[in-house]
Amino acid sequence: MTAPATAPACTLVLFGAGGDLVKRLLMPSIYDLAVSGVLHSGMRIIGVDRADLSDETWREHIGKALHDMAADPAAEFNAGTIRDDIWQDIANRLSFLKGDITQSSTFDALAQRIEGNAIFYCAVAGRFFAPIAEGLGRVGLLAERDGAFRRIVIEKPFGDDLASARELDARLLSLAKENQIYRIDHFLGKETVQAIIALRFANRLFEPLWSAEHLDHVQITAAEVLGVEGRGSFYERAGALRDMVPNHLFQILAMVAMEAPADLGEQAVRDAKGRVLGAVQPVKPEDMVRGQYAAGTVSGTARIGYREEPGVDPQSRIETYAALKLEIDTPRWAGVPFYLRTGKRLTAHRTEIVLQFKPAADGLFGRDVAPNRLILHIDGDKGLRSEFQIKAPGPGLAIAPVAQSFRHDDFFAHVPNIGYESLLYACMMGDASLFQRADAIEAPWRAVEPVLEAWKTGEPELYPAGSAGPKGAEALLARDGRAWAPLAPEPDRRAGRRMAEGAAD
Ligand code: BG6
């Protein structure tokens, strides 16, 4: 494997420099990129924020956060110890611009500091994306001159619905060209999400089975144990649906459901995703379930309900759980429902895709044979698990369910990766294949429009913190004679052996 090329020199401007995203995810990713040696010595980072910080205090703030997180096993960035040489290298690149992004003087001051290549990263709330682009455009910072690139990274949520997403796009495209706009979805930075394309199209073993002919249905789950973690006021505007579904879960869906792209280039992959996302049908009223967590116990710890969280209306009707059944109108997926669910304060953290197969073809072993399942673990113990039947040892031909797993960490050295590394690197390299084109943003909004409309009224179903979610979600699948994969950990191999022994009895 050849080492990745050094990215070109550039100035990375982080709007929202005092915020959580910069501290918790972007700076750790920059640290990881520095460790891997791909940052050009001429790369600079300017933090922009209203916070009362100076170059020195911002460096201290970031340095402390990196050291604290590195030492915290629960943090996403748990690098162990921070290498002093790497931290010094990063610290030397950092400078701070105190400024309000709603004021034009901020952009005038920024323009004085930037020459050559630049990336403007909007790590701020969605309502500031267009004002930032307009501020940059006004002072000429989006103009690409003398071979220099100027790119703008837009975080999620990209709009609140189809109309606002289109309006945001129109505003951005009046200020910059499509190839300057990098619409980010950090799920596309996850190795395991990127790996789906290789799993499907680099193997004979899976792809021929990956269709309505063999699959009964697909489940996509993003279950979290965490609550809203101090983001109550953000969540009150977003809710679980807007926060997770038309972006993260639909990106996974696109990887699972797209046809083979013509090649692995940016345009072909985005075309293939765009086509399948465009074929997702608007959700039917009976195919949507919303829930909200009430007080409960998670892993032995008592947790308050969503309505008691700081920044949340005590009568809030905002959902912290959403489940949908989707249909994809393509020959490959005719009659194969995709069930999506996401929620906070559930019993386990689990991001996974389950492909459940139809029963064995000729029924030789009867009708009660457990269906084959292929499970792609996106987070946690990353890898793949396949579940199938085998003859139980002993006389006769009884069968027993068994499973085999591929664990990513058994084959590959652990490389610290919190997801933003590959996205930041790709943006510096001008590779937009891991970013979203406007069609991949609009199609999901179109599909969930009926849900947004329906959930303007009515109430979410309460579920206790620490449970598997609202009962309505179970009913959504039970109605079709199906069930969600359990959120609790799967039985280990010994448990599998006990099952086999039981079956042989
Ligand atoms: C973010 C959402 O985009 O994704 C959060 O705003 C959510 O609410 C997070 O917790 C989940 O991402 P990950 O990578 O931790 O699964």
Side-chain angles (χ1 to χ4, degrees), residues 156 185-197 199-200 206 210-212 215-224 240-258 273 276-277 279-284 287-291 319-330 332-333 335-344 346-357 371 373-387 419 436 440 443-445 447-448 451 468-470 472-474 476-477 480 482-487 490:
K156 63 166 267 283
D185 183 315
H186 82 272
F187 268 45
L188 289 180
K190 291 181 192 280
E191 274 293 339
T192 41
V193 174
Q194 293 169 30
I196 297 170
I197 200 164
L199 180 81
R200 289 186 58 194
F206 305 112
W210 209 273
S211 71
L215 289 174
D216 177 72
H217 72 276
V218 177
Q219 299 181 13
I220 301 176
T221 294
E224 295 183 86
L241 186 91
R242 285 188 171 89
D243 189 34
M244 295 291 290
V245 179
N247 29 63
H248 301 329
L249 296 194
F250 269 73
Q251 284 305 317
I252 295 184
L253 177 142
M255 294 297 267
V256 174
M258 71 183 184
K273 285 189 191 173
V276 75
L277 289 171
V280 179
Q281 299 301 293
V283 186
K284 296 189 192 120
D287 291 342
M288 47 182 97
V289 176
R290 64 180 144 163
E319 79 285 354
T320 60
Y321 180 103
L324 306 177
K325 174 181 172 182
L326 295 173
E327 285 161 21
I328 303 177
D329 186 15
T330 63
R332 180 189 287 264
W333 298 114
V336 180
F338 278 63
Y339 299 99
L340 273 48
R341 65 176 160 169
T342 183
K344 296 215 180 268
L346 296 172
T347 180
H349 186 100
R350 185 166 276 262
T351 311
E352 71 179 19
I353 303 156
V354 176
L355 294 119
Q356 181 155 323
F357 288 81
R373 296 194 312 167
L374 193 63
I375 303 170
L376 280 63
H377 298 291
I378 302 298
D379 276 335
D381 202 5
K382 302 180 179 99
L384 178 79
R385 172 182 163 99
S386 55
E387 297 178 350
Q436 307 186 79
W445 278 126
V448 302
V451 189
E474 301 300 327
L476 177 72
L477 271 72
D480 298 343
R482 302 182 172 114
W484 291 107
L487 288 181
E490 287 116 2

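Atoms considered below: every heavy atom in the structure, side chains included; atoms not considered: hydrogens, waters and symmetry mates.
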Next on the checklist: With a 4.5 Å cut-off on side-chain heavy atoms, are His248 and Asp185 touching?
Outcome noted: yes
Item to check | Close side-chain approach of Thr192 to Leu376, heavy-atom, < 4.5 Å | outcome: no
Next on the checklist: What I'd like to find out is whether the side chain of Ile197 reaches to under 4.5 Å of the side chain of Met255, using heavy atoms alone.
Outcome noted: yes
Item to check | Interatomic spacing from CH2 in Trp210 to CG in Leu199 - rounded to 0.5 Å | outcome: 5.0 Å
Next on the checklist: Please give me the minimum heavy-atom distance between Ala223 and Leu346, naming the atom from each residue.
Outcome noted: CB-CD1, 3.7 Å
Checklist entry - Closest approach of Gly472 and Val289, non-hydrogen atoms and distance? => result O-CG2, 3.5 Å
Checklist outcome for this item: Partner of Leu340 under side chain to side chain contact (heavy atoms under 4.5 Å, CB included), picked from Ile252, Leu253, Leu241, Val218, is Leu253
Checklist outcome for this item: Between Pro337 and Lys325 the two heavy atoms that sit nearest each other are CB-CE, 3.8 Å
Item to check | Separation of Lys156 NZ from Met244 CE (nearest 0.5 Å) | outcome: 7.0 Å
Checklist entry - Under the side chain to side chain contact (heavy atoms under 4.5 Å, CB included) criterion, do Val451 and Glu319 qualify, and how do the steps go? => result CA-CA 12 Å; Val451 189; Glu319 79 285 354; over 6 Å; no
Item to check | Donor-acceptor under 3.5 Å (Arg385 side chain, His377 main chain) | outcome: no
Next on the checklist: side chain to side chain contact (heavy atoms under 4.5 Å, CB included), that's the test. Do Leu249 and Phe338 meet it? Break it down for me.
Outcome noted: CA-CA 11 Å; Leu249 296 194; Phe338 278 63; over 6 Å; no
Checklist entry - Taking C-beta and beyond as the side chain, do Thr221 and Val354 meet within less than 4.5 Å on heavy atoms? => result no
Checklist entry - Got a donor-acceptor contact below 3.5 angstrom from the Glu191 side chain to the Gly189 backbone? => result no
Next on the checklist: Testing Leu374, Ile375, Val256 one by one against Ile353 for a side chain to side chain contact (heavy atoms under 4.5 Å, CB included), which residue passes?
Outcome noted: Val256
Checklist outcome for this item: Between the NZ atom in Lys273 and the CG atom in Leu188, the distance rounded to the nearest 0.5 Å is 4.5 Å
Next on the checklist: With a 4.5 Å cut-off on side-chain heavy atoms, are Val280 and Trp333 touching?
Outcome noted: no
Item to check | pair Lys190-Ile378: side-chain heavy atoms closer than 4.5 Å | outcome: yes
Next on the checklist: Tell me the closest heavy-atom pair linking Ala473 and Trp484, and the distance in Å.
Outcome noted: O-NE1, 2.9 Å
Checklist entry - Would Phe187 and Asn247 satisfy side chain to side chain contact (heavy atoms under 4.5 Å, CB included), going step by step from the backbone distance to the final call? => result CA-CA 9 Å; Phe187 268 45; Asn247 29 63; over 6 Å; no
Next on the checklist: So Leu355 and Phe206, do their side chains get closer than 4.5 Å, heavy atoms only?
Outcome noted: no
Checklist entry - Does the side chain of Glu327 come within less than 4.5 Å of Lys284's, by heavy atoms? => result yes
Checklist entry - Looking only at heavy atoms, which two atoms of Ala322 and Ala240 are closest? And how far apart? => result N-CB, 4.3 Å
Checklist entry - Hey, is the main chain of Ala222 close enough, under 3.5 Å, to the side chain of Thr342 for a donor-acceptor pair? => result yes
Checklist entry - What closest approach, in Å, do Pro371 and Gln356 show between heavy atoms, and which atom pair accounts for it? => result CG-NE2, 3.2 Å
Next on the checklist: Before you tell me yes or no, could you show the steps for Trp445 and Arg242 under side chain to side chain contact (heavy atoms under 4.5 Å, CB included), namely the whole-Å CA-CA distance, both residues' side-chain angles and the distance that decides it to 0.1 Å?
Outcome noted: CA-CA 9 Å; Trp445 278 126; Arg242 285 188 171 89; 3.9 Å; yes
Checklist entry - Quick one: CE on Met258 to CZ on Arg200, what's the gap to the nearest 0.5 Å? => result 6.5 Å
Item to check | Interatomic spacing from CG in Leu476 to OH in Tyr339 - rounded to 0.5 Å | outcome: 6.5 Å
Checklist outcome for this item: To the nearest 0.5 Å, atom CZ of Arg482 lies from atom CD of Gln219 at 9.5 Å
